[in-house]
Amino acid sequence: MEPAIRMERVNKWFGSLHVLRDINLEVAPGEVLVIIGPSGSGKSTLIRTINRLEPIQSGRIVVDGVELSEDQRSIEAIRREVGMVFQQFNLFPHMTILENVTLAPMKVRGLTKEEAERKAMELLERVGIADQAGKYPAQLSGGQQQRAAIVRALAMDPKIMLFDEPTSALDPEMIGEVLDVMRELARSGMTMLVVTHEMGFARDVADRVIFMDEGRIVEEGTPEEIFSAPREERTRNFLHRILHH
Amino acid sequence: MRYLRLALVAVLGAATLVLLWFAFFYLLAEGVRLYLGAMQFTPSKVTFYADSIRRGAEVTLKLTVISSLAGLVLGLVAGISKLSRNPIFRQPATFYVWLVRGTPLLVQILFAYNALPQLLDPLWKPFERMGASPIQDVLTEYWAAFIALSFNVGAYNAEVIRAGILAIPKGQWEAAQSLGLSQAQVMRYVVVPQALRIVIPPLVNNVVALLKDSSLAYTIGLFELVMAGQRIISATFRPVPVYLAVAGVYLLLTTVLTFFTNWLERRFQAQGARA
């Protein structure tokens with residue numbers, strides 16, 4: 001089967017800093033891939049190259065059968081199929097939640113307002129914040145905002161969802177509600193790439209876990225393999241630090 | 001239904017503005033009349049003088065309003081172009097801002113009135129043959145002043161708008177882009193609406209400056225507020241009360257403008273608290 005994402009020898013530099021080193025990665029449709037690693041290891045950068053928020057200097061990235069290039073139109077075409085959820089939510093503060101969710105389906109997919117709103121309300125219902133539809137982002141709690149941000153991405157019917165530390169900016173009591181939504185999404189068969197420090201989530205939901213350090217994929221395996229019997233010293237150290245702090 | 005309501009609001013709003021406009025200038029003329037009377041100007045002339053001040057003030061305010069609207073459009077285009085990665089957009093915009101901000105407005109106004117018709121004449125000839133008036137008659141004092149003032153304020157607005165756009169967090173761009181919106185859509189639906197809110201106070205500043213700067217159009221013989229005052233002084237040799245009146249009217253106009261735009265700013269901020 002054609003992989004949902006294929007990365008071949010991908011390299012990226014920020015100036016003289018080599019942030020992605022020869023990354024080779026394939027993600028199957030429907031797979032849930034969790035990426036862990038210390039900060040600065042390149043894990044956020046990695047998923048941000050997939051929808052071209054970060055350009056790469058060498059290598060190939062093929063998303064859903066289409067190779068990423070410099071061409072703005074092809075970039076936009078891929079972004080339509082790849083949803084992204086950010087650490088800081090990045091909801092549009094001047095729009096209501098409903099407007100946030102319906103903007104892209106109307107302007108990019110060409111849905112009518114009625115269609116877009118009906119769909120938005122269904123999705124908001126699914127994540128339990130339909131009653132917040134008319135409010136502005138600033139009026140919602142962090143957990144509600146992040147759920148709205150997930151809905152905003154889902155409203156485009158993406159084939160792939162990227163999560164860049166979606167719970168890192170949340171108060172502890174709100175993390176659960178966001179992870180629940182992501183769990184449900186994983187069960188529904190969505191292809192997901194998740195950068196996170198939530199090891200419990202990774203253990204429960206991931207089909208595969210990748211450990212990154214210094215721009216390299218150091219180790220990969222099932223959650224069982226990575227968490228119970230890591231092969232690499234660096235993985236062991238990292239897991240030790242994060243699980244026993 | 002929605003468009004009908006919008007149209008209704010627009011019509012009612014416009015009607016209210018027109019009404020306010022006439023009421024304001026009626027009251028202004030009455031006020032000036034009382035003031036000149038109290039200052040013991042010849043009673044038979046007081047109404048005429050007051051009316052001239054009113055006419056001058058109306059020209060000043062009209063010129064300011066249309067020049068700021070044109071300047072807003074120019075500023076948006078130039079400000080966004082200055083941020084473009086494409087030099088075809090960026091360089092002309094940078095040149096425009098550099099040119100306008102580096103030369104005196106007085107020179108720009110004189111240029112628009114005296115030099116521009118000569119420069120445009122060859123281009124205008126075909127239109128003239130089709131029955132249009134000669135370019136000198138089209139570029140009256142009023143329209144020459146309009147051109148100079150809108151280009152001038154447009155350049156200052158461009159810098160303000162550029163700064164406002166740069167103030168929008170990177171995450172907003174990324175979120176919009178990641179949804180598949182085109183660059184133009186990101187600008188139109190996400191960045192510009194938020195940037196406008198930030199730039200309203202400095203834009204108002206520019207408009208207030210423009211209102212005062214419009215007095216420079218006096219030099220090309222436009223009958224605006226300063227010219228109205230000068231005429232009265234020539235006839236009466238009483239500069240003190242007349243200049244005081246002229247200055248007072250400017251103060252009143254800038255104050256009204258500030259109130260109006262403060263109100264606008266609050267309206268903007270009321271819809272959608274910032275995150």
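Remember, predicted model here, so these are calculated numbers, not experimental data.
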Checklist entry - Should we count CZ of Phe146(B) as having more than 12 external heavy atoms under 6.0 Å? => result yes
Item to check | Option that, when pairs with chain B are counted at under 4.5 Å, heavy atom only, ranks first among Val108(A), Val82(A), Leu140(A) | outcome: Val108(A)
Checklist outcome for this item: Heavy-atom closest pair (Ala175(B) atom, Arg152(A) atom, distance to 0.1 Å) is CB-NH2, 3.4 Å
Next on the checklist: For Leu12(B), I'd like to know if atom CG has over 12 heavy atoms of other residues, nucleotides or ligands within 6.0 Å.
Outcome noted: yes
Next on the checklist: Report which part of Gln185(B) has an atom under 4.5 Å of a heavy atom belonging to chain A: side chain, backbone, both, or neither.
Outcome noted: side chain
Item to check | Considering all heavy atoms, the nearest Leu181(B)-Lys107(A) contact | outcome: CD2-CB, 4.0 Å
Next on the checklist: Just checking Trp13(A): does its CH2 atom have more than 12 heavy atoms from other residues, nucleotides or ligands closer to it than 6.0 angstrom?
Outcome noted: yes
Next on the checklist: If the contact rule is any heavy atom under 4.5 Å from chain B, which residues of residues 42-75 of chain A qualify, in numerical order?
Outcome noted: Arg48(A), Asn51(A), Leu53(A), Gln72(A)
Checklist outcome for this item: Sorted by chain and residue number, the salt bridge (Lys or Arg N to Asp or Glu O under 4.0 Å) partners of Glu114(A) (sequence neighbours excluded) come out as none
Checklist entry - Checking Phe92(A) against chain B: side chain, backbone, both or neither under 4.5 Å from a heavy atom? => result both
Checklist outcome for this item: Looking only at Val85(A), Leu103(A), Ile78(A), Leu162(A), most heavy-atom pairs under 4.5 Å shared with chain B are made by Leu103(A)
Item to check | Enclosure of Tyr142(B) OH (heavy-atom neighbours >12, cutoff 6.0 Å) | outcome: yes
Item to check | Identified side chain to side chain contact (heavy atoms under 4.5 Å, CB included) counterpart of Leu179(B) within the set Arg79(A), Arg80(A), Arg109(A), Met156(A) | outcome: Met156(A)
Checklist entry - Is it true that atom CZ of Arg90(B) has more than 12 heavy atoms of other residues, nucleotides or ligands lying nearer than 6.0 Å? => result yes
Checklist entry - Is a donor on one side and an acceptor on the other found under 3.5 Å between the side chain of Asn90(A) and the backbone of Gly171(B)? => result yes
Checklist entry - Heavy-atom count around Phe22(B) CZ within 6.0 Å, excluding the residue itself: above 12? => result no
Checklist entry - With only heavy atoms counted, which part of Glu76(A) is less than 4.5 Å from chain B, the side chain, the backbone, both or neither? => result both
Item to check | Rounded distance [0.5 Å steps], CD in Gln194(B) versus CE in Met95(A) | outcome: 8.0 Å
Checklist entry - Which heavy atom in Val190(B) sits nearest to a heavy atom in His94(A), and how many Å separate them? => result O-CE1, 3.6 Å
